[in-house]
Amino acid sequence: MIVGARIDFRLIHGQVANLWSNARQVSRFMVVDDEIATDDTQKQVLRMACPATCKLSVLPVEKAAANITAGKYDAQRLFIVAKKPETYVRLLKAGVKLEQLILGNMTTMDSVKKFGRNINCDQGDLDAFAEIKAMGVPMVVQLTPQDNPEKFEG
(Lines give C-alpha, C1' and ligand atoms only; values in the text may rest on other atoms or scores of the structure.)
Protein backbone atom coordinates (compact mmCIF):
# COMPACT_ATOMS: atom_id res chain seq x y z
CA MET A 1 0.00 0.00 0.00
CA ILE A 2 1.29 3.45 -0.90
CA VAL A 3 1.32 5.58 2.26
CA GLY A 4 3.00 8.61 0.70
CA ALA A 5 4.40 10.06 -2.51
CA ARG A 6 6.76 13.01 -2.16
CA ILE A 7 8.78 15.29 -4.39
CA ASP A 8 12.07 16.18 -2.72
CA PHE A 9 15.24 16.90 -4.66
CA ARG A 10 17.26 15.59 -1.70
CA LEU A 11 15.40 12.25 -1.83
CA ILE A 12 16.10 10.46 1.47
CA HIS A 13 17.51 12.71 4.19
CA GLY A 14 16.74 13.56 7.82
CA GLN A 15 13.18 14.85 7.34
CA VAL A 16 12.16 11.94 5.15
CA ALA A 17 14.14 9.21 6.93
CA ASN A 18 13.06 10.16 10.44
CA LEU A 19 9.92 12.30 10.41
CA TRP A 20 8.01 10.89 7.44
CA SER A 21 8.96 7.28 8.12
CA ASN A 22 7.63 7.50 11.68
CA ALA A 23 4.52 9.53 10.85
CA ARG A 24 3.47 7.17 8.04
CA GLN A 25 4.89 3.98 9.61
CA VAL A 26 6.87 3.33 6.43
CA SER A 27 8.23 -0.18 5.89
CA ARG A 28 9.77 0.52 2.45
CA PHE A 29 11.08 3.65 0.75
CA MET A 30 11.15 3.69 -3.01
CA VAL A 31 13.37 6.21 -4.77
CA VAL A 32 12.23 6.51 -8.38
CA ASP A 33 14.88 7.97 -10.67
CA ASP A 34 16.20 6.61 -13.97
CA GLU A 35 19.73 7.97 -13.47
CA ILE A 36 20.21 7.12 -9.81
CA ALA A 37 18.95 3.57 -10.41
CA THR A 38 22.10 2.94 -12.46
CA ASP A 39 24.53 4.75 -10.14
CA ASP A 40 25.97 2.40 -7.50
CA THR A 41 27.54 5.23 -5.51
CA GLN A 42 24.28 7.17 -5.24
CA LYS A 43 22.41 4.01 -4.30
CA GLN A 44 24.91 3.33 -1.51
CA VAL A 45 24.45 6.88 -0.17
CA LEU A 46 20.68 6.36 -0.16
CA ARG A 47 21.06 3.02 1.65
CA MET A 48 23.07 4.77 4.37
CA ALA A 49 20.41 7.48 4.72
CA CYS A 50 17.52 5.01 4.90
CA PRO A 51 16.39 4.06 8.41
CA ALA A 52 17.41 0.55 9.50
CA THR A 53 13.73 -0.23 10.09
CA CYS A 54 12.87 0.33 6.41
CA LYS A 55 13.67 -1.50 3.22
CA LEU A 56 14.82 0.52 0.20
CA SER A 57 14.22 0.18 -3.52
CA VAL A 58 15.96 2.45 -6.03
CA LEU A 59 14.29 1.92 -9.38
CA PRO A 60 13.87 3.48 -12.80
CA VAL A 61 10.35 4.72 -13.54
CA GLU A 62 9.24 1.80 -15.71
CA LYS A 63 10.38 -0.87 -13.24
CA ALA A 64 8.85 1.03 -10.30
CA ALA A 65 5.51 1.32 -12.09
CA ALA A 66 5.56 -2.35 -13.11
CA ASN A 67 6.31 -3.50 -9.55
CA ILE A 68 3.65 -1.26 -8.00
CA THR A 69 0.89 -2.11 -10.48
CA ALA A 70 1.72 -5.83 -10.15
CA GLY A 71 1.00 -5.55 -6.42
CA LYS A 72 4.55 -6.36 -5.32
CA TYR A 73 4.34 -3.92 -2.38
CA ASP A 74 0.68 -4.33 -1.41
CA ALA A 75 1.58 -5.90 1.94
CA GLN A 76 4.10 -3.14 2.75
CA ARG A 77 3.77 0.51 3.70
CA LEU A 78 5.44 2.12 0.68
CA PHE A 79 6.62 5.72 0.59
CA ILE A 80 7.72 6.93 -2.84
CA VAL A 81 10.26 9.73 -3.27
CA ALA A 82 11.32 11.39 -6.54
CA LYS A 83 13.14 14.60 -7.44
CA LYS A 84 10.79 15.95 -10.08
CA PRO A 85 7.05 16.00 -10.81
CA GLU A 86 7.72 14.59 -14.28
CA THR A 87 8.54 11.27 -12.60
CA TYR A 88 5.07 11.17 -11.09
CA VAL A 89 3.46 12.00 -14.44
CA ARG A 90 5.20 8.93 -15.87
CA LEU A 91 4.16 6.75 -12.93
CA LEU A 92 0.54 7.88 -13.20
CA LYS A 93 0.47 7.29 -16.95
CA ALA A 94 1.83 3.78 -16.29
CA GLY A 95 -1.14 3.03 -14.05
CA VAL A 96 0.16 3.85 -10.55
CA LYS A 97 -2.66 5.22 -8.38
CA LEU A 98 -1.82 8.05 -5.98
CA GLU A 99 -4.20 9.57 -3.44
CA GLN A 100 -2.05 12.67 -3.02
CA LEU A 101 1.31 14.13 -4.00
CA ILE A 102 3.32 15.88 -1.29
CA LEU A 103 5.63 18.68 -2.41
CA GLY A 104 8.69 19.11 -0.25
CA ASN A 105 11.93 20.74 -1.29
CA MET A 106 12.31 21.46 -5.00
CA THR A 107 15.02 23.44 -6.66
CA THR A 108 16.04 24.10 -10.21
CA MET A 109 18.84 26.13 -11.69
CA ASP A 110 16.47 27.50 -14.34
CA SER A 111 13.77 28.64 -11.95
CA VAL A 112 10.88 30.40 -13.63
CA LYS A 113 8.48 30.40 -10.69
CA LYS A 114 8.91 30.29 -6.92
CA PHE A 115 6.31 28.93 -4.53
CA GLY A 116 7.26 29.82 -0.96
CA ARG A 117 10.82 29.39 0.20
CA ASN A 118 11.26 25.73 -0.67
CA ILE A 119 9.79 25.26 -4.14
CA ASN A 120 11.46 26.67 -7.24
CA CYS A 121 10.10 25.35 -10.52
CA ASP A 122 11.14 25.41 -14.14
CA GLN A 123 8.68 25.24 -17.04
CA GLY A 124 8.90 21.45 -17.18
CA ASP A 125 7.83 21.28 -13.52
CA LEU A 126 4.90 23.61 -14.14
CA ASP A 127 3.78 21.55 -17.15
CA ALA A 128 4.03 18.36 -15.09
CA PHE A 129 1.99 19.88 -12.26
CA ALA A 130 -0.72 20.79 -14.78
CA GLU A 131 -0.78 17.17 -16.00
CA ILE A 132 -0.93 15.77 -12.47
CA LYS A 133 -3.77 18.14 -11.62
CA ALA A 134 -5.62 17.13 -14.82
CA MET A 135 -5.27 13.46 -13.77
CA GLY A 136 -7.12 14.31 -10.55
CA VAL A 137 -4.28 13.86 -8.06
CA PRO A 138 -4.43 16.47 -5.29
CA MET A 139 -1.12 18.14 -4.44
CA VAL A 140 -0.08 19.69 -1.14
CA VAL A 141 2.97 21.54 0.10
CA GLN A 142 4.14 19.97 3.34
CA LEU A 143 7.77 20.04 4.45
CA THR A 144 7.31 17.85 7.53
CA PRO A 145 4.39 15.72 8.73
CA GLN A 146 3.91 18.18 11.60
CA ASP A 147 3.25 21.04 9.17
CA ASN A 148 -0.29 21.68 8.01
CA PRO A 149 -0.58 20.64 4.37
CA GLU A 150 -1.29 23.58 2.08
CA LYS A 151 -3.23 22.90 -1.10
CA PHE A 152 -1.06 23.40 -4.18
CA GLU A 153 -2.66 24.50 -7.44
CA GLY A 154 0.50 25.00 -9.48
Side-chain angles (χ1 to χ4, degrees), residues 1-109 118-145 149 152 154:
M1 152 187 11
I2 297 172
V3 297
R6 179 175 174 84
I7 296 173
D8 195 318
F9 79 95
R10 300 173 296 172
L11 299 171
I12 297 177
H13 55 92
Q15 280 178 351
V16 172
N18 296 313
L19 301 178
W20 286 101
S21 67
N22 289 331
R24 300 285 173 103
Q25 300 175 330
V26 174
S27 63
R28 176 180 296 274
F29 279 105
M30 178 185 285
V31 171
V32 182
D33 190 285
D34 290 341
E35 291 178 23
I36 292 175
T38 62
D39 185 328
D40 290 337
T41 302
Q42 288 291 324
K43 288 194 288 190
Q44 186 59 36
V45 169
L46 289 167
R47 281 187 201 100
M48 290 188 307
C50 189
T53 57
C54 297
K55 294 178 181 175
L56 174 67
S57 296
V58 182
L59 300 172
V61 177
E62 285 184 27
K63 178 79 170 168
N67 286 356
I68 293 168
T69 58
K72 185 173 180 178
Y73 309 106
D74 287 355
Q76 299 176 47
R77 296 184 61 80
L78 179 66
F79 195 97
I80 304 168
V81 186
K83 290 181 179 186
K84 303 285 279 174
E86 292 89 341
T87 301
Y88 286 102
V89 169
R90 292 175 59 199
L91 288 172
L92 290 163
K93 286 182 176 179
V96 174
K97 305 279 189 255
L98 299 176
E99 291 184 19
Q100 179 186 66
L101 183 57
I102 305 163
L103 280 59
N105 293 290
M106 287 182 63
T107 189
T108 177
M109 299 306 285
N118 294 73
I119 299 176
N120 296 291
C121 302
D122 62 23
Q123 191 57 52
D125 297 331
L126 298 174
D127 294 343
F129 286 139
E131 280 192 76
I132 293 166
K133 184 178 178 181
M135 288 187 252
V137 177
M139 295 176 282
V140 296
V141 176
Q142 189 175 13
L143 297 182
T144 71
F152 181 79

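Side chains included, hydrogens not; waters and symmetry mates left out as well; all remaining heavy atoms used. Not measured: the values here are computed from a predicted model.
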Heavy-atom side-chain proximity of [X] to [Y] below 4.5 angstrom:
X	Y	answer
L98	I132	no
V58	Q42	no
I80	T87	no
C121	M106	yes
D125	I119	no
V3	Q25	no
L59	M30	yes
Q15	N105	yes

Taking atom [atom1] of [X] and atom [atom2] of [Y], what is their separation to the nearest 0.5 Å?
X	Y	atom1	atom2	answer
F9	D33	CZ	CG	13.5 Å
L46	I36	CG	CD1	6.0 Å
I12	M48	CD1	CE	12.0 Å
I2	R77	CD1	CZ	12.0 Å
R6	Q142	CZ	CD	8.0 Å
I7	E86	CD1	CD	8.5 Å

Taking every non-hydrogen atom, the tightest pair across [X] and [Y]:
X	Y	result
N22	N18	ND2-O, 2.9 Å
A94	T69	O-CG2, 3.8 Å
S57	Y73	OG-OH, 3.9 Å
A17	A49	CB-O, 3.3 Å
A65	V96	CA-CG2, 3.8 Å
L56	C50	CB-SG, 4.0 Å

Check your understanding: What's the verdict on side-chain hydrogen bond (donor to acceptor under 3.5 Å, both in side chains) for D8 and H13, showing C-alpha distance, side-chain angles and the deciding distance?
Key -> CA-CA 9 Å; D8 195 318; H13 55 92; 2.8 Å; yes

Check your understanding: Should the heavy atoms of other residues, nucleotides or ligands under 6.0 Å from CD of Q44 be counted, would the total exceed 12?
Key -> yes

Point to revise | side-chain contact (heavy atoms from CB on, under 4.5 Å) assessment of V26 paired with W20 | key: CA-CA 8 Å; V26 174; W20 286 101; 5.7 Å; no

Review point. Is there a side-chain contact (heavy atoms from CB on, under 4.5 Å) between D34 and E62 once you walk through the steps?
Key: CA-CA 9 Å; D34 290 341; E62 285 184 27; over 6 Å; no

Check your understanding: Checking K43 side chain against T38 main chain: does a donor-acceptor pair fall under 3.5 Å?
Key -> no

Review point. Got a sec, which residues hit ring pair (Phe, Tyr, Trp, His ring centres under 6.0 Å) with F29, two or more places apart in sequence or on another chain?
Key: F79

Exercise for review: Would you please test K84 and D122 for side-chain contact (heavy atoms from CB on, under 4.5 Å) and show each step?
Suggested key: CA-CA 10 Å; K84 303 285 279 174; D122 62 23; 3.5 Å; yes

